[in-house]
Amino acid sequence: MELTRLRGFQDLIGPQAQTLAYVEQRARALMERYAIGEIRIPLLERIELYQRSTGETSDIVSKQMYTFTDRDEAGSVLALRPEGTPGVVRAYIEAGLDRSDPEQRFFYSGPMFRRERPQKGRYRQFYQFGVEVFGRADPACDAELLIMIDDLRRDLGLDFQIELNSLGDATCRPAFRAALLEYGRQHWDELCRDCHDRLERNPLRLLDCKIDVRLAEQAPKSLDYLCPECRRHFETLCDLLKAAGVQFVINPRIVRGLDYYMRTTFEVTSSNLGSQNAVVAGGRYDGLVEVLGGASVAGIGFAIGVERVALALHAARAPRAQLPRVALIALGDPAVRKATELARALRGLPLQVELLSTQRSLKAQLKRADKIGANYAVIIGPDELARAAAQLRDLGASSQREVSLDRLASELAGGLAH
RNA sequence: GUGAGUGUAGCUCAGUUGGCAGAGCACCGGAUUGUGGCUCCGGUGGUCGAGGGUUCAAGUCCCUUCACUCACCCCA
């Protein structure tokens, strides 16, 4: 086969697709309870949107975007969205909400695209479910988002570890950054090659280093450089989370790779996922709306890695019960006509009804019924049709009895009650 | 972008010093004229990832290449 799927892209078939849908559905249900409305934005944007917000020095913008030149006269360069936040902020400003009604809460759900080397839990098209809140600078808002994540975790029956940090703001971050640069220069000879790069491009990411953990641990911590206001924000957030009973740890090495984060940043991991273990990540981005040409409005958000959560769910256990399933077996054309009609009535009960391939033998059809996991088989042949009846077979108990067609629906509904 | 591991039937894999490509599962049929699962019997199914080389002979040895997986990196 020469026309195969692209590297790092996946076909999600049957149960895999179902688990993703399940995670999305639970998250949607949560949004309803938190009174957060949906926003749907394009998958394609001008490349400049990401350059200005995500940041030229970020890995995402510098080497992971799918871009192409449009066919317009200007030769605009477009990019498949690598993350959701910039598009949501753009839409928010474009709708004039930053001026008319700045306090807004949105959720979005859909695919993102990054051209990375694929591995477990990392794909070139992947699904994010994200939440963005505008116009709320108070720590209660940060707390609410983390509580929301904890609610989802509980709802799915999973174990997540929440790690929290504060990066400071425009007042205190410069001093911290300078201290980190100084530390990096002092220890230049001990740093790994990647860290030499990091120091120049984005010194904060020095803290991400996993090669020499000790060096990263001893590096200056943003928490030690917070200005009084940032400190109060962070402490209030921690208090609120403790009061709400949300488990978390403070990890001074949580640094997000994107330029726009400030103050609160967090990462939520699951232990049964391999090395790509971040299932949720996010943080505060006051100032981003302004950078993209809007008013000065605070913002904060997070994104859930839907297939990573699905993977964790799969590793934990299989979810949800479904409707009882009935296999309809018809023998001969007149019976097929009757069965087609019957299928519709039974689906309305509701039941999962599958009309089996009517060209095949009874034996083959029963075999198929067993294979698809049907609980009941309803068999209609010429004899039954003549008596306006059907054989109702309980495939689990291997018992069978004849039921008149007009009573079949109520028999099935009744039989399923216990 | 870097590294390591793996590519043989739809799936999981075996294949000896180079010597006729196999098993289990799945699928189809039969044993049972209209009754599933269990059992037994039979059958379909192969570019041995691709290309080249060595050899009388290559799934096996050599070179190249591609894909997948995991890790680095990065992140959801």
Side-chain angles (χ1 to χ4, degrees), chain A residues 1-2 4-10 20 23 54 57-64 81-85 109-130 149 160 192-195 197-198 201-202 205 208-211 254-258 265-270 273-283 301-312 327 329-332 335 356 360-385 390-400:
Chain A
M1 187 182 180
E2 78 273 28
T4 55
R5 67 180 189 277
L6 259 30
R7 164 160 232 212
F9 287 72
Q10 38 177 3
L20 281 204
V23 174
T54 311
T57 61
S58 69
D59 279 45
I60 290 176
V61 170
S62 60
K63 50 195 184 202
Q64 297 176 354
R81 62 182 189 189
E83 58 154 343
T85 305
S109 179
M112 305 294 162
F113 303 86
R114 290 183 202 171
R115 200 181 183 292
E116 294 182 271
R117 188 89 175 249
Q119 73 184 76
K120 184 176 185 177
R122 185 166 76 185
Y123 311 102
R124 290 182 172 182
Q125 174 176 335
F126 59 101
Y127 294 82
Q128 282 192 337
F129 189 105
I149 291 165
F160 287 169
C192 65
R193 197 177 306 136
D194 285 329
C195 282
D197 270 5
R198 289 190 177 107
R201 291 173 37 167
N202 189 348
R205 291 241 297 278
D208 265 340
C209 186
K210 280 144 210 141
I211 293 177
I254 296 290
V255 181
R256 315 271 61 237
L258 316 182
T265 57
F266 53 89
E267 201 167 295
V268 182
T269 57
S270 166
L273 280 189
S275 79
Q276 302 299 313
N277 62 354
V279 289
V280 183
F302 66 77
I304 302 166
V306 180
E307 50 267 274
R308 287 186 186 177
V309 173
L311 277 171
I329 297 173
L331 304 168
L356 300 187
R360 305 185 59 195
S361 70
L362 174 61
K363 180 192 178 78
Q365 292 194 59
L366 270 169
K367 199 165 177 161
R368 174 78 190 159
D370 189 57
K371 177 163 185 187
I372 63 174
N375 308 88
Y376 294 90
V378 170
I379 305 164
I380 305 176
D383 300 349
E384 286 81 8
L385 199 61
Q391 300 296 333
L392 175 56
R393 184 171 181 81
D394 183 330
L395 291 168
S398 289
S399 61
Q400 178 173 321

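The phosphate of B:C72 (OP1 or OP2) has a side-chain N or O of A:S275 nearer than 4.0 angstrom.
With hydrogens and angles ignored, no donor-acceptor pair closer than 3.5 Å exists between the side chain of A:R117 and the base of B:C74. If you check distances only, the side chain of A:R368 never reaches the base of B:G36 with a donor-acceptor pair under 3.5 Å. With hydrogens and angles left out, the side chain of A:R122 and the base of B:C70 share no donor-acceptor pair within 3.5 Å. Put simply, the side chain of A:Q64 and the base of B:C73 share no donor and acceptor less than 3.5 Å apart.
Nearest to the side chain of A:L331, among B:C72, B:G34, B:C75, sits B:G34. Candidate nucleotides B:C72, B:G34, B:A76 were compared by shortest atom distance to the side chain of A:A303, and B:A76 ranks first. Here the side chain of A:E116 is nearest to one of B:G34, B:A76, B:U35, namely B:A76. Side-chain atoms of A:A281 lie closest to B:A76 of the nucleotides B:A76, B:G36, B:A71. Closest contact between the side chain of A:F126 and the listed nucleotides B:A71, B:G34, B:A76 involves B:A76. Side-chain proximity of A:Q119 to the nucleotides B:U35, B:C70, B:A76 is greatest for B:C70.
The line from CZ of A:R308 to OH of A:Y127 is 15.0 Å long, rounded to the nearest 0.5 Å. The CD atom of A:E384 sits 7.5 Å away from the CD1 atom of A:I379 when rounded to the nearest 0.5 Å. The distance from atom OH of A:Y376 to atom CG of A:L395, rounded to the nearest 0.5 Å, is 9.5 Å. To the nearest 0.5 Å, the span separating CG on A:D383 from CD on A:Q391 amounts to 9.0 Å. A distance of 4.0 Å separates CD1 in A:I254 from CD in A:E267, rounded to the nearest 0.5 Å.
A:K371 comes within 4.0 angstrom of the backbone, heavy atoms only, and of no base. When heavy atoms are screened at a 4.0 angstrom cut-off, A:A369 is found touching no nucleic acid atom at all. Here A:I329 lies out of heavy-atom contact (under 4.0 Å) with every strand. Within the nucleic acid shown, A:Q125 has no heavy atom closer than 4.0 Å to any nucleic acid atom. Here A:L395 lies in heavy-atom contact (under 4.0 Å) with a base. Residue contacts shown for A:G274 are limited to sugar-phosphate atoms, with no base heavy atom under 4.0 Å away. When heavy atoms are screened at a 4.0 angstrom cut-off, A:G396 is found touching base atoms of the nucleic acid. A:V280 comes within 4.0 angstrom of the backbone, heavy atoms only, and of no base. The residue A:R115 sits apart from the nucleic acid: no heavy atom pair falls under 4.0 Å. When heavy atoms are screened at a 4.0 angstrom cut-off, A:F113 is found touching no nucleic acid atom at all.
With a 4.5 Å cut-off on side-chain heavy atoms, A:P111 and A:R81 count as touching. Two residues are said to be in side-chain contact when any heavy atoms from C-beta on lie closer than 4.5 Å; A:L331 and A:L362 meet this criterion. In this structure the side chain of A:N375 never reaches within 4.5 angstrom of the side chain of A:D394, judged on heavy atoms.
The CD-P distance, from A:E83 to B:C74, rounds to 17 Å in whole Å. Here B:G29 presents its P atom at 13 Å from CG of A:L366, a figure rounded to the nearest Å. As a whole-Å value, the separation of A:F266 CZ from B:A76 P is 11 Å. Atom CZ in A:R114 sits roughly 17 Å away from atom P in B:C73 (whole-Å rounding). Computed from coordinates, the A:K120 NZ to B:A76 C1' distance equals 15 Å when rounded to whole Å. Here the P atom of nucleotide B:U32 and the CG atom of A:L362 are 16 Å apart, to the nearest Å. A:Q400 places its CD atom 11 Å from the C1' atom of B:G36, with the value rounded to the nearest Å. The interatomic distance linking A:L356 (CG) with B:G36 (C1') rounds to 11 Å, in whole Å.
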Under 3.5 Å for both distances, Watson-Crick or G-U wobble, that's the pair rule; now give the dot-bracket for RNA chain B, with | marking pairs to another strand and [ ] for crossing ones. (((((((..((((.....[..)))).(((((.......))))).....(((((..]....))))))))))))....
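Across the C1' atoms, B:U54 and B:U64 are found 15 Å apart, a figure rounded to whole Å. The gap from the C1' atom of B:C61 to that of B:A76 amounts to 45 Å, rounded to the nearest Å. Rounded to the nearest Å, the gap between the C1' atom of B:G36 and that of B:A71 is 47 Å. Here, B:G24 and B:G42 have their P atoms 11 Å apart, quoted to the whole Å. B:C13 and B:G59 have their C1' atoms separated by 14 Å, with the value rounded to a whole Å. Atom name P, nucleotides B:U65 and B:G3: the rounded distance is 12 Å, in whole Å. Taking atom P on both B:C62 and B:U16, the two are 14 Å apart, rounded to the nearest angstrom. Comparing B:G1 with B:C20, their C1' atoms are spaced 47 Å from each other, to the whole Å.
Between the side chain of A:Q128 and the backbone N or O of A:M112 there is no donor-acceptor pair closer than 3.5 Å.
Mapping A:L6 and A:G305 onto RNA chain B by nearest heavy atom places A:L6 at the nucleotide closer to the 5' end. Comparing A:Q276 and A:R360 against RNA chain B, the residue whose closest nucleotide sits nearer the 5' end is A:R360.
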Take A:R393 and A:Q400 through the side chain to side chain donor-acceptor pair (under 3.5 Å) test and state the conclusion after the steps. CA-CA 4 Å; A:R393 184 171 181 81; A:Q400 178 173 321; 2.8 Å; yes
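Ion pairing between a basic and an acidic side chain is recognised when a charged N comes within 4.0 Å of a carboxylate O; A:R124 and A:E116 show no such pairing.
Ring stacking is absent between A:Y127 and B:A76, as the pair misses the limits of under 5.5 Å between centres and under 30 degrees between planes.
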